[in-house]
Amino acid sequence: MKTFRAAFAADTLLVLVTFFVPAFSGIGSEPGLADRIFPNRSGGFRGDVLWIFWSGLALSFWSVLMIVRALKERDRADSLDAVLGTVWIAEYFCYVGWTFIHMMG
């Protein structure tokens with residue numbers, strides 16, 4: 001499914017930038033590029049954090065559906081989506097853990 005792959009690519013890009021470009025997410029108490037791009041905070045969270053949390057949760061459920069579908073149909077395209085779904089679930093748990101570690105401090 002092209003939509004699944006596009007959502008996977010967009011969220012993965014945002015997660016990778018957050019992990020590996022400290023100037024994006026901020027260094028220590030210094031604001032990063034994300035603070036300037038997503039200045040509106042909801043409950044104290046930046047827009048990028050909220051986006052990854054909620055879209056990532058939806059993408060995780062979607063990933064489970066892709067995995068189940070691949071196990072039933074045994075199609076090559078479905079298998080690729082299942083692999084991407086598995087990668088996303090691992091990536092999402094790493095992101096949520098990383099966010100909580102940095103929030104607590």
Side-chain angles (χ1 to χ4, degrees):
M1 294 183 80
K2 291 181 181 180
T3 308
F4 175 76
R5 293 177 191 173
F8 172 83
D11 280 6
T12 296
L13 180 64
L14 187 54
V15 168
L16 290 174
V17 168
T18 301
F19 279 170
F20 298 111
V21 182
F24 178 76
S25 58
I27 301 170
S29 62
E30 294 295 317
L33 180 61
D35 293 308
R36 293 188 265 301
I37 294 173
F38 306 105
N40 298 332
R41 294 177 178 257
S42 178
F45 295 102
R46 279 192 331 251
D48 63 322
V49 174
L50 291 173
W51 172 262
I52 287 293
F53 183 79
W54 291 113
S55 70
L57 192 60
L59 198 55
S60 295
F61 286 121
W62 200 356
S63 296
V64 170
L65 294 175
M66 291 292 122
I67 293 167
V68 170
R69 182 176 172 178
L71 291 173
K72 284 183 181 179
E73 296 187 15
R74 306 269 183 200
D75 182 29
R76 181 171 162 80
D78 290 336
S79 296
L80 175 60
D81 289 338
V83 169
L84 292 176
T86 304
V87 168
W88 172 255
I89 291 170
E91 183 179 322
Y92 183 65
F93 279 111
C94 289
Y95 178 81
V96 170
W98 183 88
T99 300
F100 281 124
I101 288 171
H102 284 84
M103 280 177 34
M104 302 301 173

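Across all their heavy atoms, Ile52 and Asp11 have their closest contact at CD1-O, 3.7 Å. Between Arg5 and Ala77 the shortest heavy-atom distance is NH2-O, 3.4 Å. Shortest non-hydrogen contact noted between Leu14 and Trp51 is CD2-CD1, 3.7 Å.
Placement of Leu84 and Ile67 in two distinct hydrophobic clusters is found when ILVMFWY residues are connected by side-chain heavy-atom separations under 4.5 Å, directly or transitively. Taking hydrophobic clusters as Ile, Leu, Val, Met, Phe, Trp and Tyr residues chained together by side-chain heavy-atom distances below 4.5 Å, Val87 shares a cluster with Leu16. Phe8 and Val64 are assigned to two separate hydrophobic clusters, defined by single-linkage of ILVMFWY side chains at heavy-atom distances under 4.5 Å. Taken together through direct or relayed side-chain contacts under 4.5 Å among Ile, Leu, Val, Met, Phe, Trp and Tyr, Leu59 and Phe93 form parts of separate hydrophobic clusters. There is no path of hydrophobic side-chain contacts, each under 4.5 Å, that joins Leu65 to Phe4.
When the side chain to side chain donor-acceptor pair (under 3.5 Å) test is applied to Thr12, the partners found at least two apart in sequence or on another chain are Glu91. By the side chain to side chain contact (heavy atoms under 4.5 Å, CB included) test, Leu57 pairs with Trp54, Phe61, Tyr92, sequence neighbours left out. In this structure Ser79 satisfies the side chain to side chain donor-acceptor pair (under 3.5 Å) test with no other residue, sequence neighbours excluded.
At least one side-chain heavy atom of Tyr95 sits under 4.5 Å from a side-chain heavy atom of Phe19. Looking at Trp62 and Asp81, their side chains never come closer than 4.5 Å, going by heavy atoms from C-beta outward.
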I would like to know whether Phe53 and Thr99 meet side-chain contact (heavy atoms from CB on, under 4.5 Å); could you show each step before the answer? CA-CA 10 Å; Phe53 183 79; Thr99 300; over 6 Å; no

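Taking CZ from Arg69 and CG from Asp78, the interatomic distance works out to 4.5 Å, rounded to the nearest 0.5 Å. Remark: Ile89 CD1 to Ser60 OG distance equals 5.5 Å, nearest 0.5 Å.
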